[in-house]
Protein chains: 2
Amino acid sequence: MLRALSEAGFSDTRARRAVVHALCDAQTGATPADLLARGRSVHAGLGQVTVYRTLEILEQLGLVRKLHQDDGCSSYAASSTGHAHHVICRTCHAAVEFEGCSIDNVLRQVSARTGYSVDSHFLELFGLCPSCRRKK
Amino acid sequence: MLRALSEAGFSDTRARRAVVHALCDAQTGATPADLLARGRSVHAGLGQVTVYRTLEILEQLGLVRKLHQDDGCSSYAASSTGHAHHVICRTCHAAVEFEGCSIDNVLRQVSARTGYSVDSHFLELFGLCPSCRRKK
DNA sequence: TTACTTGCAAAAACTTTGCAGGCGC
DNA sequence: GCGCCTGCAAAGTTTTTGCAAGTAA
């Protein structure tokens, strides 16, 4: 992730490393406030504004994805690259990325029925992660 | 939609009718501010707070769904009932509901790979509506 | 009448912007 | 050294809360 940043022409700074670290450290979606707290354990002077600005960059590069959850859409999760989705645990919020969403059939169906030309999509799954399932 | 509200035990009030009307009137996702403006053409005294409160109720009843768009997650679209998704025009934002998302194969795949038990999902498609397509 | 609703005002939460100083390269 | 970055403070936005008055049933 840091590498991708510098390859895209962004400086390798202490603040950005802290945010990236916080994102990778969290196995769950994290809000800007979460990331600030986590990031400060690495770089005490980190500011909230920088978290926002770094997230903006990472999101544009596709390295981070905003999650849509019931309690709001303000958490972010690392996304290895390009097209991918997340499956989120409704108990502990652990977010795991997955690829290979073969929903072409749905796209075709919807195109045919609605007349829209569909060119992208957003998919998110919710359920229980293995560990939370065990605890039930 | 009004019927469903009263069946769920909520009063049939002028303010709620205005919000519901505004929601159905808009063929696109509408933000709380949009709904206030539209709703006021029906009930001039409508307040923003009531819009929020009504949306909350409608959302819980599954009559309205929050959309997840690039520019934020603060617009809502009417949803006839239960499980359904939207396909949204990236130009004019027209939102059309569709059912029949046969993504069971994806769910199974993800379950198998990640060990999560998946019990719900969120899917949204983006593209161009017939009318915007013609204008290109 | 009685309880549910409403809208205002204010508070709180969240995000963006401006800018002087700091740091990567 | 130059120009990108940062963090503070402040401004803007959006959403929530408290409460007295209003309205549906």
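In what follows, chains carry the letters A, B, and so on, assigned in the order in which the sequence lines appear, proteins first and then strands, with residues in each chain numbered from 1. Only this structure's heavy atoms are used, side chains among them; waters, hydrogens and symmetry mates stay out.
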Give the C-alpha distance, both sets of side-chain angles, the deciding distance and a yes or no for salt bridge (charged side-chain N to carboxylate O under 4.0 Å, His left out) between A/Asp119 and B/Arg90. CA-CA 10 Å; A/Asp119 54 34; B/Arg90 64 174 72 264; 2.6 Å; yes
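- Checking D/dC19, D/dA25, C/dG24 against every side-chain atom of B/Asp12, the shortest atom distance belongs to D/dA25.
- Considering only heavy atoms from C-beta on, B/Val64 comes within 4.5 Å of B/Met1 through its side chain.
- Atoms CD (B/Glu56) and C1' (D/dT16) sit 10 Å apart, rounded to a whole Å.
- Judged by distance alone, with hydrogens and angles left aside, A/Arg16 brings no side-chain donor or acceptor close enough to the base of C/dG24 to form a pair under 3.5 Å.
- Between B/His85 and B/His121, a ring centre-to-centre spacing shorter than 6.0 Å is recorded.
- Of all nucleotides listed (D/dA9, D/dT6, D/dC5), D/dA9 comes nearest to the side chain of A/Val49.
- Nearest nucleotide to the side chain of A/Pro32, out of C/dT15, C/dG24, D/dG7: C/dT15.
- Between D/dT6, C/dG7, C/dT15, one nucleotide has an atom nearer to the side chain of A/Ala15 than all others, and that is D/dT6.
- The residue among B/Val51 and A/Phe10 whose nearest nucleotide of DNA chain C lies closer to the 5′ end is B/Val51.
- For the pair B/Gln48 CD and C/dA9 C1', the interatomic distance rounds to 14 Å; values are reported in whole Å.
- Checking the phosphate oxygens (OP1, OP2) of C/dT6, no side-chain nitrogen or oxygen of B/His43 falls inside 4.0 Å.
- In this structure, B/Leu46 places its CG atom 9 Å from C1' of C/dT6, rounding to the nearest Å.
- The side chain of B/Tyr52 lies closest to D/dT14 when the candidates are C/dC8, D/dG7, D/dT14.
- Distances from the side chain of B/Thr13 to the nucleotides C/dT6, D/dT6, D/dT15 place C/dT6 closest.
- Partner A/Ser75 forms a side chain to side chain contact (heavy atoms under 4.5 Å, CB included) with one of A/Arg65, A/Gln69, A/Lys66, A/His68 and no other, that one being A/Gln69.
- In this structure, the side chain of B/Gln48 engages the main chain of B/Pro32 through a donor-acceptor pair within 3.5 Å.
- Note: CG (B/Leu35) to C1' (D/dT14) measures 14 Å, nearest angstrom.
- The CG atom of B/Leu55 sits 16 Å away from the C1' atom of C/dT5 (whole-angstrom rounding).
- For A/Leu36 and C/dA13, the CG to C1' distance is 15 Å, given to the nearest whole Å.
- Rounded to whole angstrom, the span from the CG atom of A/Leu2 across to the C1' atom of D/dC5 amounts to 15 Å.
- Taking the side chain of B/Thr50 as heavy atoms from C-beta on, and the options C/dT6, D/dA24, D/dC4, the nearest nucleotide is C/dT6.
- Taking atom CZ on B/Arg40 and atom P on C/dT6, their separation rounds to 14 Å, with Å as the unit.
- Taking only side-chain nitrogens and oxygens, B/Ser11 never comes nearer than 4.0 Å to OP1 or OP2 of C/dC4.
- A donor-acceptor contact under 3.5 Å is not formed by the side chain of B/Arg14 with the base of D/dG22.
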